[in-house]
Amino acid sequence: MASKNDPFQFQEFDEAGDLLEANRDATTISIDDEDVKPQKQSTATGFSTEADTEDPLANDDQAELLSGQKKSPSFWSFEYYQRFFDIETHHVKERIIGSMMPWPRKNFINVYLRRNPDLYGPFWICTTLVFATAISGNISNFLAHQGKQDYKYTPEFRKVTIAATIIFSYAWLVPLAVWGFLLWRNNKMVNLVSYAFMEIVCVYGYSLSIYIPAVVLWILPFNWLSWCTVVVALCLSGSVLVLTFWPAVRDDHPRVMIAFLSVIVLLNMLLAVGCKTYFFTTPGNKTVTPANSTT
């Protein structure tokens, strides 16, 4: 028989019974009742938390997108150009490597841009090339005249302005002319491939990235090495441009196609050779004749 003082024996709580007898109208809830569910708590202001998380502006944007009434930003607005600078670092890296390593049947626009051109890479490539050309030209001029008694080094800051004018004009005016020509040919022939203006600017900007290490090597006092780097840079940069614009004029008249691609290569060659001869001109061995000498 179990002991009366057994602690594990079930006992009734008298206090609970007294409370129920005192208030017979009280309602009791069983913990086993599965029908009782917690209700949503409201905030101090009286609104539910789900209503607070909803963004009315986001709903408006979604409604505009679904209805097709979302307006694109204007060409003269800041938002229009902001999207061209919204790009990841690894995408810029891939495009720079792709511009330095062209492969046959590999269109730069279709492989790397994917209808998402940027201006971040072309802008900084052109800016870097401007300062690299001007600084390297000054260093090359200093090394070429080093050791001469009558030479006094003076930095030529005007080379920065000249380099910026040449490079940015090439990176913007030439794509504008190419875009206008392709637009004109598309009106003549329907089957031609068309490129947007920003895509052409992006291609030309990234095609200049190979010239940055080339102009640094032009500092070395080896004329044969400088011209070898010019040829290599021309081949790589020109190949990217030719492989990119070849599908756009492939179905055009053969004479138009040859003339168009030849002009692209010629302008690229004029840029490289012009920068090499103007900023990195090695002075010849000239004999200085005193002013008071007689013949």
Side-chain angles (χ1 to χ4, degrees), residues 75 78 80-102 108-109 112-113 116-140 155-180 195-219 226 229-230 232-245 263-280:
F75 179 81
F78 177 77
Y80 179 83
Y81 298 96
Q82 186 178 7
R83 60 192 179 97
F84 294 110
F85 291 87
D86 186 12
I87 186 172
E88 300 292 336
T89 305
H90 63 91
H91 289 158
V92 177
K93 181 180 177 181
E94 291 176 357
R95 295 176 182 184
I96 291 176
I97 295 175
S99 65
M100 293 183 179
M101 301 177 61
F108 187 85
I109 293 179
Y112 298 101
L113 298 189
N116 186 26
D118 71 286
L119 293 178
Y120 179 85
F123 173 78
W124 285 112
I125 288 172
C126 293
T127 304
T128 306
L129 183 59
V130 167
F131 286 98
T133 303
I135 295 173
S136 300
N138 277 277
I139 297 175
S140 177
E156 301 178 89
F157 295 104
R158 61 185 180 84
K159 288 186 176 181
V160 178
T161 306
I162 297 174
T165 303
I166 295 174
I167 293 172
F168 277 98
S169 297
Y170 174 82
W172 280 93
L173 296 182
V174 176
L176 180 62
V178 171
W179 174 72
Y195 295 138
F197 174 67
M198 288 299 174
E199 292 177 343
I200 300 176
V201 171
C202 189
V203 173
Y204 266 87
Y206 279 102
S207 67
L208 295 176
S209 58
I210 188 61
Y211 288 108
I212 296 176
V215 297
V216 175
L217 292 176
W218 293 349
I219 299 176
S226 299
T229 55
V230 170
V232 172
L234 277 175
C235 293
L236 295 178
S237 180
S239 298
V240 172
L241 297 176
V242 171
L243 293 176
T244 301
F245 295 110
V263 170
I264 289 179
V265 175
L266 181 61
L267 292 176
N268 191 19
M269 184 182 301
L270 289 176
L271 175 69
V273 176
C275 291
K276 173 64 178 66
T277 55
Y278 180 79
F279 296 99
F280 299 88

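Nothing fancy with the numbering, it's 1 onward along the sequence. Every value quoted in this text rests on a predicted model; they were computed, and no experiment measured them.
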**Message:** Counting C-beta onward and ignoring hydrogens, is there a side-chain heavy-atom pair between Tyr204 and Ile264 closer than 4.5 Å?
**Reply:** yes
**Message:** Between Phe108 and Leu243, is there a side-chain heavy-atom distance shorter than 4.5 Å?
**Reply:** no
**Message:** Parallel, tilted or perpendicular: which one describes the rings of Phe123 and Phe168, with boundaries at 30° and 60°?
**Reply:** tilted
**Message:** Quick one, Ile125 with Ile96, criterion side-chain contact (heavy atoms from CB on, under 4.5 Å). Give me CA distance, side-chain angles, the key distance, then yes/no.
**Reply:** CA-CA 9 Å; Ile125 288 172; Ile96 291 176; 4.2 Å; yes
**Request:** Indicate the atoms forming the closest heavy-atom contact of Phe280 with Cys275, along with that distance.
**Result:** CD1-O, 3.6 Å
**Complete:** Rounded to the nearest 0.5 angstrom, the CD-OG1 distance for Glu156 and Thr161 is 12.0 Å
**Prompt:** Any chance the side chains of Trp218 and Ser140 put a donor and an acceptor closer than 3.5 Å?
**Reply:** no
**Prompt:** Considering only heavy atoms from C-beta outward, does the side chain of Tyr170 approach that of Asn268 to under 4.5 Å?
**Reply:** yes
**Item:** Nearest heavy-atom neighbours spanning Leu234 and Ala272
**Value:** CD2-CB, 3.8 Å
**Request:** For Phe197, look at atom CZ and say whether over 12 heavy atoms of other residues, nucleotides or ligands are found less than 6.0 Å away.
**Result:** yes
**Asked** From Leu271 CG over to Ile167 CD1, what is the distance, rounded to the nearest 0.5 angstrom?
**Response** 6.5 Å
**Prompt:** Counting heavy atoms not belonging to Phe131, are there more than 12 under 6.0 Å from its CZ?
**Reply:** no
**Prompt:** Got a donor-acceptor contact below 3.5 angstrom from the Ser237 side chain to the Ala233 backbone?
**Reply:** no
**Prompt:** How long is the gap from CD1 on Ile109 to CD1 on Ile200, to the nearest 0.5 Å?
**Reply:** 6.5 Å
**Request:** Give every residue pair that meets the salt bridge (Lys or Arg N to Asp or Glu O under 4.0 Å) criterion with at least one member in residues 87-99, sequence neighbours excluded.
**Result:** Arg95-Asp118
**Prompt:** Thr229 and Ser226: which non-hydrogen atoms are nearest, and at how many Å?
**Reply:** OG1-O, 2.5 Å
**Prompt:** When you measure from the side chain of Thr127 to the backbone N and O of Trp124, does any donor-acceptor pair fall under 3.5 Å?
**Reply:** no
**Request:** Would you give the length of the straight line joining atom CZ of Phe279 to atom OG1 of Thr133, rounded to the nearest 0.5 angstrom?
**Result:** 6.5 Å
**Item:** Within residues 196-217 or reaching into it, pairs that qualify as salt bridge (Lys or Arg N to Asp or Glu O under 4.0 Å) - sequence neighbours excluded
**Value:** Arg115-Glu199
**Item:** Beyond-backbone contact of Leu208 with Cys126, side-chain heavy atoms, under 4.5 angstrom
**Value:** yes
**Prompt:** Shortest non-hydrogen contact from Leu267 to Val174?
**Reply:** CD1-CG1, 4.0 Å
**Asked** So do Tyr206 and Val92 actually touch side chain to side chain, heavy atoms under 4.5 Å?
**Response** yes
**Asked** Is the closest side-chain heavy-atom distance between Val201 and Trp179 below 4.5 Å?
**Response** no
**Request:** Using a 4.5 Å cut-off on heavy atoms from C-beta on, say whether the side chain of Leu241 contacts that of Val203.
**Result:** yes
**Prompt:** Which heavy-atom pair separates Pro122 from Cys202 by the least distance, and what is that distance?
**Reply:** CG-CA, 3.9 Å
**Fill in**
Correct closest heavy-atom pair for Val215 and Ala132 would be CG2-CB, 3.8 Å
**Prompt:** Do Leu236 and Pro102 touch side chain to side chain, with heavy atoms closer than 4.5 Å?
**Reply:** yes
**Request:** Starting at CD1 of Ile135, measure out to CD1 of Ile139 and round the result to the nearest 0.5 Å.
**Result:** 7.0 Å
